[in-house]
Amino acid sequence: MERRRLLAVLATLAVATGCSTHDDKAEPSHSASSESSDGARQAVEAYVDALNSRSATGLIKVGGVEDESWSRQEAAQILEDRGGQEWKIKDVQIDHDMGPDTGSARLLADGKAGKSLSDTFTVTREKGVWHLAVFTHQPNGKDKESSSTDKPAS
């Protein structure tokens with residue numbers, strides 16, 4: 001009796017599996033992570049475009065910082081070091097190792113005169129827009145107290 005029941009269950013499973021509506025030719029759905037990677041990659045491409053066109057405004061936009069004197073100065077320094085090299089992207093690798101809205105991007109590019117560019121950035125998504133952490137000298141807010149590294153008193 002148990003053998004019949006087991007055979008009936010197996011037969012039912014075989015029929016159910018054979019009748020599934022899965023379409024092997026269907027387009028793969030885009031996952032949230034692939035859309036995130038696309039947005040982060042576009043931010044890296046915008047960074048390279050800003051370097052090639054020597055655009056401080058483009059760097060500020062992709063960096064997600066305010067257009068102020070400090071950001072203009074830092075953008076000018078970045079462009080002095082890397083701008084106008086006609087960079088052509090060889091590879092961009094995006095890794096969402098810190099969650100869906102934060103990760104890292106690795107850029108490899110070739111420029112004129114045989115120069116190469118290899119850089120790794122933190123990428124973050126704020127309000128649906130991806131930014132690269134290319135600005136490192138952001139000023140501390142005037143009303144903010146800096147963090148202490150002292151051990152708390154017991």
Side-chain angles (χ1 to χ4, degrees), residues 13 16-154:
L13 286 174
T17 303
C19 295
S20 77
T21 59
H22 178 71
D23 183 3
D24 290 336
K25 296 179 184 177
E27 292 284 325
S29 63
H30 291 288
S31 67
S33 65
S34 71
E35 290 174 8
S36 293
S37 294
D38 291 345
R41 180 182 173 83
Q42 289 170 354
V44 173
E45 291 170 353
Y47 169 75
V48 172
D49 289 344
L51 290 178
N52 286 339
S53 63
R54 293 184 164 274
S55 171
T57 302
L59 284 178
I60 290 167
K61 183 177 178 182
V62 79
V65 296
E66 296 293 324
D67 189 345
E68 297 177 354
S69 62
W70 71 267
S71 57
R72 287 254 163 218
Q73 289 174 350
E74 190 166 348
Q77 184 62 50
I78 293 168
L79 293 172
E80 183 179 321
D81 294 342
R82 298 180 173 189
Q85 295 295 318
E86 299 174 18
W87 299 112
K88 296 197 182 350
I89 296 174
K90 285 176 42 177
D91 188 37
V92 175
Q93 295 177 2
I94 307 296
D95 187 7
H96 294 281
D97 50 354
M98 296 176 250
D101 295 327
T102 307
S104 56
R106 184 160 191 272
L107 166 66
L108 297 174
D110 288 330
K112 64 182 180 183
K115 289 189 176 184
S116 63
L117 175 65
S118 175
D119 224 333
T120 302
F121 307 98
T122 297
V123 291
T124 57
R125 180 169 47 185
E126 294 178 30
K127 298 180 183 174
V129 179
W130 284 96
H131 299 286
L132 302 182
V134 294
F135 290 87
T136 57
H137 298 99
Q138 294 185 41
N140 191 10
K142 293 177 184 173
D143 296 331
K144 289 186 177 179
E145 188 176 310
S146 64
S147 299
S148 173
T149 58
D150 294 337
K151 291 184 180 181
S154 17

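Numbering starts at 1 and runs along the sequence shown.
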Step by step, work out the side-chain contact (heavy atoms from CB on, under 4.5 Å) result for L51 and L79. CA-CA 6 Å; L51 290 178; L79 293 172; 4.1 Å; yes
The criterion is salt bridge (charged side-chain N to carboxylate O under 4.0 Å, His left out); which residues satisfy it with E68, sequence neighbours excluded? none
Show the nearest heavy-atom pair for residues V65 and S71, with the distance to one decimal. CG2-CB, 3.9 Å
Report the residues that fulfil side chain to side chain donor-acceptor pair (under 3.5 Å) with T136, sequence neighbours left out, ordered by chain and then residue number. E74
Can you name the closest pair of heavy atoms from R125 and P100 and give their distance? NH2-O, 3.2 Å
For the residue pair A56 and A75, what are the closest heavy atoms and their distance? CB-CB, 3.9 Å
Looking only at non-hydrogen atoms, find the nearest pair between V123 and S104 and report the distance. CG2-N, 3.9 Å
Excluding sequence neighbours, so at least two apart, what forms side chain to side chain donor-acceptor pair (under 3.5 Å) with D97? none
Of all heavy-atom pairs between V134 and I78, which one has the smallest distance, and what is that distance? O-CD1, 3.7 Å
For a quick test of your reading: what N or O donor-acceptor pairs under 3.5 Å do the side chains of residues 83-95 make, sequence neighbours left out?
{"from": "W87", "atom 1": "NE1", "to": "R82", "atom 2": "O", "distance (Å)": "2.8"}
{"from": "D91", "atom 1": "OD2", "to": "Q93", "atom 2": "NE2", "distance (Å)": "3.1"}

Do Q77 and D81 have a side chain donor and acceptor closer than 3.5 Å? yes
Take W130 and V44 through the test side-chain contact (heavy atoms from CB on, under 4.5 Å) and record every step on the way to the result. CA-CA 9 Å; W130 284 96; V44 173; over 6 Å; no
Test side chain to side chain donor-acceptor pair (under 3.5 Å) applied to Q73 - qualifying residues, sequence neighbours left out: none
Any residue meeting side chain to side chain donor-acceptor pair (under 3.5 Å) with D67, in chain and number order, not counting sequence neighbours: R72
Check: H131 side chain, K61 main-chain N or O, donor-acceptor pair, under 3.5 Å: yes
Return the minimal non-hydrogen interatomic distance between V62 and A46, and the atom names on each side. CG2-CB, 4.1 Å
